[in-house]
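Please read the structure below before turning to the comments.
Throughout, protein chains are lettered first and strands after them, A, B, ... in sequence-line order, and every chain is numbered starting at 1.
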Amino acid sequence: MPIEPLLLDSPELAAGLRAPIGAWFAANARDLPWRGPDRTAWGVLVSEVMLQQTPVVRVLPAWTDWMTWWPTPRDLAAASTADVLRAWGRLGYPRRALRLQECGRAIAELHDGVVPCDEAALLALPGVGAYTAAAVVAFAYGGRSVVLDTNVRRVLARTVTGTALPTPSLTVAEVRSAAALVPADPAEAALWAASSMELGALVCTARAPRCEACPVAELCAWRRAGYPVDAHVGRRRTQAWAGTDRQARGRVMALLREALEPVPRSAVEDLWTDRVQLDRCLDALVADGLAEVSGAEDQPRTYRLPAAAVS
DNA sequence: AACCCGGGGGG
DNA sequence: CCCCCAGGGTT
């Protein structure tokens, strides 16, 4: 039996991937709290925002606490922003926490406290982009959408395109190709979204893929081609960390989160030697709504987390 | 399209 | 020590 070349966007390829990956998912899916029969759309949305650039293992405890304190969008809308930022903890990118609270307010005011099931309405919410909107449609409501995160992109790059990794940025052609693989039936589409993403997270990993455990290893274009190396190797420059504004901001936020009283400027200055950079970061944090300054011109300034919501 | 935005864990 | 992680917003 000769090996047939894989045809992009072909129904045969779609079915060949979907059935085995769906079956694999049924047996191997992680038991995550935002899945499960008692899940809420709000819980799914919260998990998706937290999972933007933060690994599952770190999200788990934060999500559990968060849902205990603010089980509905209205609960979060009414919360103190300082409490929200403290609950966010060290998940990183704390502006996501602000957007999530704004999102809770928008849902309360515009959608009667109910997370929308319409993708366009979701996309209009603060902090919700193309991925998160599609994910809520699929995972919260079992609807049909094109869920294309870093995991799915990698799975498709390997199985369909035959490259080790997807391109650094999402392309229009890639979205179209992924959309063509999504089954018409909403329930099957939702299963495809969940299973292809889970395969990328557990088996078809970026660093050391476990092809021996992959349900579609025999179909995989990358494997068939002999695992060619990434075309973009060496071109992916990792973001600097030491000495950056992001590190400085992170230190300030960590200090403010742990403080029970407004922090005197002297304590903030102890965090960072470059005074110009520190002031730039403090101004930016205030402008972002992540910090507040108090104290008159002739008095020592203090810094703290925002007590109330921004606007 | 390019850049900015945290933080930590695993190879 | 490098790389990656269920991205989004701004310019």
Side-chain angles (χ1 to χ4, degrees), chain A residues 25 29-30 32-35 43-63 85 88-100 102-103 122-140 145-155 164-172 175 178 190 193-202 204-210 230 232-257 277 280-281 284-285 287-291:
Chain A
F25 181 77
R30 290 168 292 182
L32 301 173
W34 46 83
R35 295 175 176 169
V44 172
L45 176 54
V46 170
S47 79
E48 292 302 338
V49 173
M50 287 184 171
L51 286 163
Q52 293 167 3
Q53 303 291 282
T54 303
V56 168
V57 287
R58 290 174 51 205
V59 164
L60 279 169
W63 182 88
L85 289 170
W88 193 260
R90 308 185 74 84
L91 291 182
Y93 297 130
R95 292 190 294 191
R96 287 184 293 162
L98 297 182
R99 297 295 89 78
L100 192 47
E102 293 169 7
C103 188
L122 286 163
L123 202 50
L125 295 171
V128 177
Y131 162 74
T132 303
V136 171
V137 167
F139 304 148
S145 62
V146 182
V147 175
L148 201 51
D149 76 322
T150 187
N151 288 307
V152 178
R153 292 189 69 214
R154 187 173 54 251
V155 168
L165 294 172
T167 56
S169 56
L170 194 60
T171 65
V172 175
V175 175
S195 59
S196 57
M197 189 178 307
E198 191 78 339
L199 186 72
L202 297 184
C204 194
T205 56
R207 203 74 66 85
R210 301 169 47 226
D230 179 24
H232 310 92
V233 62
R235 307 206 53 147
R236 298 169 185 278
R237 52 176 174 277
T238 153
Q239 292 176 319
W241 172 242
T244 60
D245 285 9
R246 294 160 72 204
Q247 185 185 29
R249 289 167 57 108
R251 283 193 190 174
V252 172
M253 289 303 295
L255 178 63
L256 299 188
R257 279 197 307 268
Q277 185 180 22
R280 179 174 71 237
C281 290
L285 288 172
D288 286 344
L290 288 166

Spell out, as yes or no, whether a donor-acceptor pair under 3.5 Å connects the side chain of Arg96(A) to the backbone of Leu91(A). yes
Give a yes or no on whether the backbone of Trp241(A) and the side-chain of Thr244(A) come within a donor-acceptor separation of less than 3.5 Å. yes
Find the distance between CZ (Arg30(A)) and CG (Leu60(A)) and round it off to the nearest 0.5 Å. 8.5 Å
Gln53(A) CD to dC5(B) C1', in whole Å, measures 10 Å
Using a heavy-atom cut-off of 4.0 Å across all strands, would you classify Arg99(A) as base, sugar-phosphate, or nothing? nothing
Between dG6(B) and dT11(C), how far is it from one P atom to the other, in whole Å? 16 Å
Can you see whether Tyr93(A) engages Arg246(A) through a side-chain donor-acceptor pair at a distance of less than 3.5 angstrom? yes
Mind checking if Gly92(A) touches a base, just sugar-phosphate, or nothing, with heavy atoms under 4.0 Å? base
I'd like to know if Glu102(A) pairs up with Arg95(A) as an ion pair, taking the criterion as any Lys NZ or Arg NE/NH1/NH2 lying under 4.0 Å from an Asp or Glu carboxylate oxygen. no
In whole angstrom, give the distance that lies between atom CG of Asp288(A) and atom C1' of dG9(C). 11 Å
Quick one: which of dA6(C), dG7(B), dG8(C) gets closest to the side chain of Gln52(A)? dG8(C)
Within the structure shown, what part of the strands sits under 4.0 Å from Trp88(A) by heavy-atom distance: base, sugar-phosphate, or nothing? nothing
Rounding to a whole Å, what distance do you find between Tyr93(A):OH and dG8(B):C1'? 12 Å
Work out how far the P atom of dA6(C) is from that of dC4(B), and round it to whole angstrom. 24 Å
Arg58(A) atom CZ is separated from dC4(C) atom C1', nearest whole Å, by 12 Å
Roughly how many Å is it from CE in Met50(A) to P in dG6(B), rounded to a whole number? 16 Å
Nearest nucleotide by nearest heavy atom, which residue falls closer to the 5' end of DNA chain C, Glu48(A) or Val128(A)? Glu48(A)
Which distance, rounded to the nearest 0.5 Å, do you find between the OG of Ser47(A) and the CZ of Arg35(A)? 9.0 Å
Across the strands shown, which category fits Ala206(A) at heavy-atom distances under 4.0 angstrom: base, sugar-phosphate, nothing? sugar-phosphate
Just the dot-bracket of DNA chain B, please: which string comes out with Watson-Crick or G-U pairs under 3.5 Å, [ ] for crossing, | for another strand? |||||.|||||
Return no unless some side-chain N or O of Thr54(A) is found under 4.0 Å from OP1 or OP2 of dG7(B). no
Could you give the distance from CG (Leu285(A)) to CE (Met253(A)), rounded to the nearest 0.5 Å? 6.5 Å
Assuming nearest nucleotide by heavy-atom distance, tell me which of Leu32(A) and Pro126(A) is located more 5' along DNA chain C. Leu32(A)
Using side-chain heavy atoms (C-beta onward) and a distance below 4.5 Å, is Val137(A) in contact with Val147(A)? no
Between CZ of Arg96(A) and P of dG7(C) the distance, given in whole Å, is 9 Å
Counting distance alone, no hydrogens or angles: does the base of dC3(C) have a donor or acceptor under 3.5 Å from a partner atom on the side chain of Arg207(A)? yes
Over all strands shown, is Ala130(A) touching base, sugar-phosphate only, or nothing at heavy-atom distances under 4.0 angstrom? sugar-phosphate
Nearest to the side chain of Arg154(A) - dG6(B), dC5(C), dG7(B)? dC5(C)
How do Arg95(A) and Val57(A) order along DNA chain B: which one's closest nucleotide is nearer the 5' end? Arg95(A)
Heavy atoms under 4.0 Å, any strand shown: does Leu100(A) hit a base, just sugar-phosphate, or nothing? nothing
So what does Thr244(A) hit on the nucleic acid, given a heavy-atom distance under 4.0 Å: a base, only sugar-phosphate, or nothing? nothing
Tell me: CZ of Arg257(A) to P of dG6(B), nearest whole Å? 10 Å
Reckon Arg90(A) touches a base, only the sugar-phosphate, or nothing at all at heavy-atom distances under 4.0 Å? sugar-phosphate
Base of dA6(C), side chain of Arg30(A) - is there a donor-acceptor contact under 3.5 Å? yes
Side chain of Thr150(A) (C-beta onward), nearest among dC5(C), dG8(B), dG8(C): dC5(C)
Approximate separation, where rounding is to 0.5 Å, of Asn151(A) CG and Thr205(A) OG1: 9.5 Å
Return the value, rounded to whole Å, for the distance between atom CD of Glu102(A) and atom P of dG9(C). 10 Å
